[in-house]
**Q** 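Below you'll find the structure I mean.
All heavy atoms count here, side chains included; hydrogens, waters and symmetry mates do not. Lettering of chains follows the sequences in order, A, B, ..., and the numbering in each one begins at 1.
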There are 2 protein chains.
Amino acid sequence: MSVAGLTKNQALVFDKLTAAGGPMSAYQILDNLREEGFRAPLQVYRALDKLIADGLVHKLESLNAFVACAHPEEKCGSHGLTAFAICNECGNVFEFHHHGLEHDLEHFLGAKGFKPEKTVVEIRGKCANCA
Amino acid sequence: MSVAGLTKNQALVFDKLTAAGGPMSAYQILDNLREEGFRAPLQVYRALDKLIADGLVHKLESLNAFVACAHPEEKCGSHGLTAFAICNECGNVFEFHHHGLEHDLEHFLGAKGFKPEKTVVEIRGKCANCA
DNA sequence: TCAGATATGTTATACTGTTACAAACTTGTG
DNA sequence: CACAAGTTTGTAACAGTATAACATATCTGA
Ligand SMILES: [Zn+2]
Ligand SMILES: [Zn+2]
Ligand SMILES: [Zn+2]
Ligand SMILES: [Zn+2]
């Protein structure tokens with residue numbers, strides 16, 4: 001379950017998020033880790049910072065929530081662009097890479113002198129089950 | 001400057017945002033409208049809700065901030081996809097539409113039974129001036 | 001052992017957004 | 001005009017998200 005190189009708190013947060021199988025807010029994580037000794041938001045946010053830097057967790061900006069990476073073996077962190085389809089009905093999140101997209105954006109913005117560092121792509125809608 | 005069909009508070013918020021020429025947080029807007037009689041966040045959020053629904057203002061999810069539409073005459077609201085390149089150095093925001101992008105995403109997700117309703121695309125990086 | 005670095009704990013606070021309810025204004029109708 | 005219905009605004013309280021500042025503990029290498 002766990003991943004090498006993580007501290008205790010980082011591992012607790014990562015495992016909780018992985019077990020959830022979907023997005024959680026920082027405060028939901030906090031409440032779910034009180035039994036394990038968590039007391040303050042900062043414990044969660046610090047762990048999330050590291051997990052995000054390592055590409056093991058992503059932040060969903062349009063939800064203010066966090067989700068475990070769907071394929072950590074692919075080193076999402078190294079991709080400039082990770083995209084999410086988020087169902088507004090059931091809350092299900094589908095994570096994907098789309099190289100055409102990435103390339104198009106880089107090309108389009110590069111021509112304008114803009115250097116992308118991190119790209120947020122979140123598609124809100126209805127998933128196949130909820131349509 | 002103003003736009004027809006807006007109430008007093010909506011017009012005040014829209015004008016302030018337009019004059020700013022860049023993103024503002026809801027509370028920055030509030031503080032800038034105290035002289036005009038604003039007292040509570042809800043006055044700002046209610047106005048923003050309407051302006052966003054009308055496509056005159058966009059929310060930048062990765063900044064928790066709001067920006068006046070760069071080309072309201074094009075009815076951004078009717079596009080599924082409006083994208084933003086946001087400079088991490090100077091805060092400048094460049095709004096654009098990219099139909100190839102929109103089409104690719106629709107095609108890719110449509111094949112999976114996902115029906116997009118609203119898409120967030122925000123590219124954070126360095127603009128030409130700051131590179 | 002001891003110093004420096006890293007990780008954690010704790011409190012308080014700042015920032016973002018909503019609920020609930022009351023009052024004022026607008027508009028159409030008898 | 002009177003007055004009801006709808007819409008806009010005002011106000012207070014609160015809920016949810018995130019960080020600053022400082023203290024303590026733990027780990028690591030000289
Ligand atoms: Zn990922
Ligand atoms: Zn669904
Ligand atoms: Zn626009
Ligand atoms: Zn710039």
**Q** Measure from the side-chain N and O atoms of B/His97 to the backbone N and O of B/Leu81, and report whether any donor-acceptor pair falls under 3.5 Å.
**A**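 Checking the backbone N and O of B/Leu81 against the side chain of B/His97, a donor-acceptor pair under 3.5 Å is found.
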**Q** Taking distance alone, no hydrogens or angles, what donor-acceptor pairs closer than 3.5 Å link side-chain atoms of residues 37-51 of chain B to residues at least two apart or in another chain?
**A**
unit_1: B/Gln43; atom_1: OE1; unit_2: B/Arg39; atom_2: N; d: 2.6
unit_1: B/Gln43; atom_1: OE1; unit_2: B/Ala40; atom_2: N; d: 2.9
unit_1: B/Lys50; atom_1: NZ; unit_2: B/Asp54; atom_2: OD2; d: 2.9

**Q** Round to a whole Å and report the spacing from CG of A/Asp49 to P of D/dA20.
**A** 10 Å
**Q** State whether the side chain of A/Gln28 and the backbone N or O of A/Ser25 hold a donor-acceptor pair below 3.5 Å, judged by distance alone.
**A**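 Answer holds: yes.
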**Q** Closest approach of B/Glu106 and B/Pro116, non-hydrogen atoms and distance?
**A**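 Smallest interatomic distance, heavy atoms only, reads CG-CG, 4.4 Å.
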**Q** Using nucleotides 20-26 of chain C, report all nitrogen or oxygen pairs with the protein that are shorter than 3.5 Å.
**A**
none

**Q** May I ask you to check whether B/His58 and B/Phe66 place their ring centers less than 6.0 Å from one another?
**A**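 Judged by ring-centre distance (under 6.0 Å), B/His58 and B/Phe66 do not meet the cut-off.
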**Q** Rounded to whole Å, please give me the gap between OH in A/Tyr45 and C1' in D/dA20.
**A** 14 Å
**Q** Is a side-chain donor or acceptor of A/Glu122 paired with a backbone partner of A/Phe84 at a separation under 3.5 angstrom?
**A** no
**Q** NA contact type, A/Lys50, heavy-atom cut-off 4.0 Å: base, sugar-phosphate, or nothing?
**A**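 No contact.
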**Q** Return the value, rounded to whole Å, for the distance between atom CZ of B/Phe38 and atom C1' of D/dT9.
**A**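 For the pair B/Phe38 CZ and D/dT9 C1', the rounded distance is 10 Å.
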**Q** Specify the residues of residues 24-37 of chain A, ordered by number, for which at least one heavy atom lies under 4.0 angstrom from an atom of DNA chain D.
**A** A/Ser25, A/Tyr27
**Q** Would you please confirm or rule out a distance under 4.0 Å between OP1 or OP2 of C/dG17 and any side-chain N or O of B/Asn64?
**A** yes
**Q** Distance check: side-chain N/O of B/Gln43 vs OP1/OP2 of D/dG10, anything under 4.0 Å?
**A**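 Indeed, a polar side-chain atom of B/Gln43 lies that close.
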**Q** Nearest heavy atom decides the nucleotide; on that basis, is B/Gln10 or A/Pro41 closer to the 5' end of DNA chain D?
**A**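 That would be B/Gln10.
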**Q** Can you measure from CD (A/Glu117) to CZ (B/Arg124) and round to the nearest 0.5 angstrom?
**A** 9.0 Å
**Q** D/dA25, OP1 or OP2 - any side-chain N/O from A/Lys8 closer than 4.0 Å?
**A** no
**Q** Tell me if the aromatic rings of A/Phe114 and A/Phe108 count as close, with their centers under 6.0 Å from one another.
**A** no
